[in-house]
Every structure is written in C-alpha cells, then in structure tokens.
A.B. asks: 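Following this message is one structure expressed as structure tokens.
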Amino acid sequence: MTPTPPRLRDIEAFMAVAEGASLGAAARRLGLSQPALSQAIDRLEAAVGQTLLRRGPRGSFPAEPGARFLARCRRMMGQVQAGLAACRSTARTGLLTDTAIETHRAIVRAGSFSAAARLRGVSLPTLARTARGLEAALGVPLYRRAADGMVPLPGGVELGRRFALAAAELEQGLAELAASGRVEWFRLGTLPMLPQDELAAAIATLGPMPALRVTLRDGTHAALLDQLRHGALDAILGALRNPAPAEEVEEQVLAPDPFVIAAAATHPLARGEVPSPAALAAQDWVLPEPGLPRRATAEAILATLPQRPRLAMETNSPHATIALLRRTRALALLSRRQIAAAPGLAALPVAPFGPPRAIGLTTRRDWLPTPGQRAVLDALRQAFAALSSAGEDSA
C-alpha cells in the first residue's frame, strides 16, 4: 500500500517550528492554537515514520532527519512561491489546499476541466468548484473559456508546473528519510538512437538496491523535455542539443557520438575507397522526418552532391532504418555507436559530418538528486567513460 502523502499545512507547521524553535511563535504566525500545531507535527512525523523535531524546555529544534527534511521542504515551498509569482498572486501559501493543488495539476496536465475531471474520476461540477475556489483564494484568473471548455491560462500552466516540481521535491525528501517507507525513484527518459550497451552496463553496476527503482521511458525529445520540465522525469539520456533547449535545463556530455554515413557491410561503397559525391548521389537514401538534428545534418550533406538522391523511405525509427539498410543498397545517416551495435552495417570511409554530436544527460538546473539518484548518475558517467575509452583504444 502506498503511504499517504503528508499534508501541505502539516509541512508548513513543521517548517514554522523548525525555523523559529518556538511552538508559541509558530502557532501565532500560522494562526493556530498550540495544541493544533502540535497535532499537525505529530501527523507529519507519523506520516514520515521518524522524529523530526526534538522538543525541550529551550524550544523545539530539528533532529538529524528533520534537518534533512527541512532542506527539502524549503525547496518545495520555493517552487510553490515561484508558481504564485508566475501567475502574479500575492496570496499566502497557507490558503492552498492539497485538493486544490492536485486539481489544478490535473487541469494543466489534461489541458481542460472536462479532461481533468475524467483523469481524477470526479464530476465536472465538483472539479470546477475546486478550481474556482483556487482562483478566488489566489485572487488571480487561472483559466479561460475556449472551444474545448475551460482551459488554463499561461500563468496557470506555469503554476501547475511549479506545483508538480514541488511534489517532486517532497517525494525526494520522503525518499531520503529511510523509515518513511517510500521507494526512491530515478525516472530516466531515453531518446532514439541511444547506445544501449552503456545504459545496460550502468544499470548492471548498480547491484541490488531494494529501495531504488529505475524506470526508463522512451520518447521524442520534445515529449521528454516537457516531462522533465514538469518533474515527471529526473533526466534525459541521449543526443544533446547544444545549446540546451530550455533555460531551466542543462546538458552534460558523456561521450562523443558523431554522425556517419551507414550502409550494409556488403555495400560496394563500404569496401575501403572514399566514395565520390556522384557515387553518394546515385544511391537511395533513408532520411528522418524534418525538424530533427539528424535530418538537418543529412540535408547539409545532400546539398553538396551533384544531384539530390532518391528518397527510399522517411522514418524516425532507427530500427526501421537499420532493417532497410541490411536488405537494400540504401544509405542513411546514423551515429557511429549505432552502427557499431548493429551487425551487418558499416560506416562508409568518410569523415564524420555536421557539428560535434555527443551523448549526454539533460537535467533541470535546480535539480538536487537524492543519494540513490546520484548513484545512478555516477553509474551512467562511469559506463560511458569506460566504453568510450575502449572505443578509442580500438580505433
């Protein structure tokens, strides 16, 4: 059974006491009685399974687990505050309820009131009341009427994104408390054309970690980037865009992986001599769809040829591309590692094309990984470094 997440107001009560050391001062600040404040902290400690505050005649101070959890709570509330600022609300966070936050996140995720009601399994009038109550509490408009019904405004979308990042911070904070009963997650988005050997080696080196779960999610760069920005992913592994595709993310190079021209190993152009532009133009080509870096690099190559080659197939699927190359005399642009991992393929004896291409990690700039997440990151870095060195030695 999944443990019930702590209440936002219980977290605020804990933070008020931990940062001020006085139950009385914290109760006055939050507008609560001291017994109500004590009950809130008791509920939170019961939810996380650890003592967070040490109470004594001189005040209440964070215990060691409480100090770690307090740091995460501050990051969590920082995201909430950033969301309120984005929608230009000056309301206190104490006016937010857990139900309103989850409802708004569902609206942003689903795109409309009606879709969010289906997602949450509630009636549309019930969801609308909660959403309108949130608007009233914050004192700013969050939604507008559109053809699909009520949809979030841009400020509401950013508020929902910040709510999602706050929830991710809370999840990390709970995972760092060993007795909370929470599983520690590392959610990794993987891009097409990702070399699998390095990824498999990294996962294998982790060994048994009962409290850690690693999930892999394939997708396009645009889809995975959106999930990363909303906290649904912790990192993206694959070809870097360089520069980073959004202000709030950063990229880290793990290994070079340039584009080369690929063909079946039995192709006449793969026999050792550098092919001429005319020979390249005389072959059929397999190209990815427009809009991808690989297509842009391929178009730059084709522009140097005396005539445009015939298009054999247009696909974003590396598997379909490799299958067609094995059975025909077509050419395609693939990464050097992709070719090395595909029996029956060879790289034509020409220099790599395009701007420097690398495999790496994309993460949020303000992301603070947990110890388990850091272990996965270290394993990925070591696996790519080891196999890159092996590749250089054999080149």
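By convention here, the first residue in the shown sequence is residue 1.
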A.B. asks: Side-chain contact test, heavy atoms from C-beta onward, threshold under 4.5 Å: evaluate it for Leu96 versus Leu134 and give yes or no.
C.D. replies: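 SC-SC contact between Leu96 and Leu134 confirmed.
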A.B. asks: Could you tell me whether the side chain of Leu380 reaches within less than 4.5 Å of the side chain of Val376, counting heavy atoms only?
C.D. replies: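 Yes, their side chains come closer than 4.5 Å.
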A.B. asks: When you compare the side chain of Leu377 with that of Pro369, does any pair of heavy atoms fall below 4.5 Å?
C.D. replies: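 Yes. Closest side-chain heavy atoms under 4.5 Å.
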A.B. asks: So, for His230 and Phe163, is the gap between ring centers shorter than 6.0 Å?
C.D. replies: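 Ring centroids of His230 and Phe163 are no less than 6.0 Å from each other.
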A.B. asks: Going by heavy atoms in the side chains, are Leu254 and Leu237 under 4.5 Å from each other?
C.D. replies: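 Side-chain contact under 4.5 Å: yes.
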A.B. asks: Check Arg105 against Gly160 and note the closest heavy-atom contact, atom names and distance.
C.D. replies: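 Looking at all heavy atoms of both residues, the shortest contact is CG-O, 4.1 Å.
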A.B. asks: In a table with atom names and distances, give each donor-acceptor pair under 3.5 Å that connects a side chain of residues 37-47 to protein atoms at least two apart or in another chain.
C.D. replies:
unit_1	atom_1	unit_2	atom_2	d
Ser38	OG	Gln34	O	3.1
Arg43	NE	Asp10	OD2	3.0
Arg43	NH2	Asp10	OD1	2.8
Glu45	OE2	Leu52	N	2.8
Glu45	OE2	Leu53	N	3.2

A.B. asks: Under the criterion side-chain hydrogen bond (donor to acceptor under 3.5 Å, both in side chains), which of Arg72, Glu184, Arg75 is the partner of Gln172?
C.D. replies: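 In the set Arg72, Glu184, Arg75, the residue that makes a side-chain hydrogen bond (donor to acceptor under 3.5 Å, both in side chains) with Gln172 is Arg72.
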A.B. asks: Could you check whether Glu314 pairs with Arg295 (Lys NZ or Arg NE/NH1/NH2 to Asp/Glu carboxylate O, under 4.0 Å)?
C.D. replies: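 Result for this pair is yes, salt bridge flagged.
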A.B. asks: With side chain to side chain donor-acceptor pair (under 3.5 Å) as the test, would you mind laying out the steps for Gln382 and Thr205 before giving the verdict?
C.D. replies: CA-CA 10 Å; Gln382 293 168 10; Thr205 60; 5.7 Å; no
A.B. asks: Any luck finding a side-chain donor-acceptor pair between Arg381 and Gln252 under 3.5 Å?
C.D. replies: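 Side chains of Arg381 and Gln252: pair found under 3.5 Å.
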A.B. asks: Just jot down the salt bridge (charged side-chain N to carboxylate O under 4.0 Å, His left out) partners of Glu135, sequence neighbours excluded, or say none.
C.D. replies: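 For Glu135, the residues satisfying salt bridge (charged side-chain N to carboxylate O under 4.0 Å, His left out) (neighbours in sequence not counted) are Arg132.
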A.B. asks: Are the side chains of Ile322 and Arg326 in contact, using a 4.5 Å heavy-atom criterion?
C.D. replies: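 Yes - at least one pair of side-chain heavy atoms lies under 4.5 Å apart.
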A.B. asks: Do Arg294 and Phe259 have side-chain heavy atoms sitting under 4.5 Å apart?
C.D. replies: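 Sidechains of Phe259 and Arg294: in contact.
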A.B. asks: Which pair of heavy atoms, one from Ala332 and one from Val286, lies closest together, and at what distance?
C.D. replies: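 Heavy atoms of Ala332 and Val286 come nearest at CB-O, 3.6 Å.
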A.B. asks: Salt bridge check: are Glu247 and Arg365 linked by an N-O gap of less than 4.0 Å?
C.D. replies: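 Looking at Arg365 together with Glu247, the answer is no, because their closest N to O distance does not fall below 4.0 Å.
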A.B. asks: Throw together a table of side-chain donor-acceptor distances under 3.5 angstrom for residues 354-364, partners on residues two or more places apart or in other chains.
C.D. replies:
unit_1	atom_1	unit_2	atom_2	d
Arg357	NH1	Asp257	O	2.7
Arg357	NH1	Asp257	OD2	3.1
Arg364	NH1	Leu228	O	2.8
Arg364	NH1	Leu233	O	2.9

A.B. asks: Considering all heavy atoms of both residues, which atom of Ala375 and which atom of Leu206 are nearest to each other, and what is their separation?
C.D. replies: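 Heavy atoms of Ala375 and Leu206 come nearest at O-CD2, 3.8 Å.
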A.B. asks: Kindly give the heavy-atom pair with the smallest separation between Leu138 and Leu84, and that separation in Å.
C.D. replies: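 Nearest heavy atoms, Leu138 then Leu84: CD2-CD2, 3.7 Å.
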A.B. asks: Would you mind reporting whether Ser114 and Asp148 have side-chain heavy atoms less than 4.5 Å apart?
C.D. replies: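 With C-beta onward as the side chain, the pair stays apart.
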A.B. asks: Find out whether Arg120 and Glu102 are in side-chain contact, i.e. whether some heavy atom of one side chain is under 4.5 Å from a heavy atom of the other.
C.D. replies: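 Answer yes - side chains close enough.
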A.B. asks: Check whether the side chains of Gln227 and Arg217 place a donor and an acceptor atom closer than 3.5 Å, and report yes or no.
C.D. replies: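 Yes, side-chain donor-acceptor contact under 3.5 Å.
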A.B. asks: Would you call Arg308 and Glu299 a salt bridge, using N to O less than 4.0 angstrom?
C.D. replies: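 Yes, Arg308 and Glu299 are salt-bridged.
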A.B. asks: Just by modelled atom types, is the Ala239 backbone N or O under 3.5 Å from a matching donor or acceptor in the Arg241 side chain?
C.D. replies: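 Pair found, side chain donor or acceptor close to backbone of Ala239.
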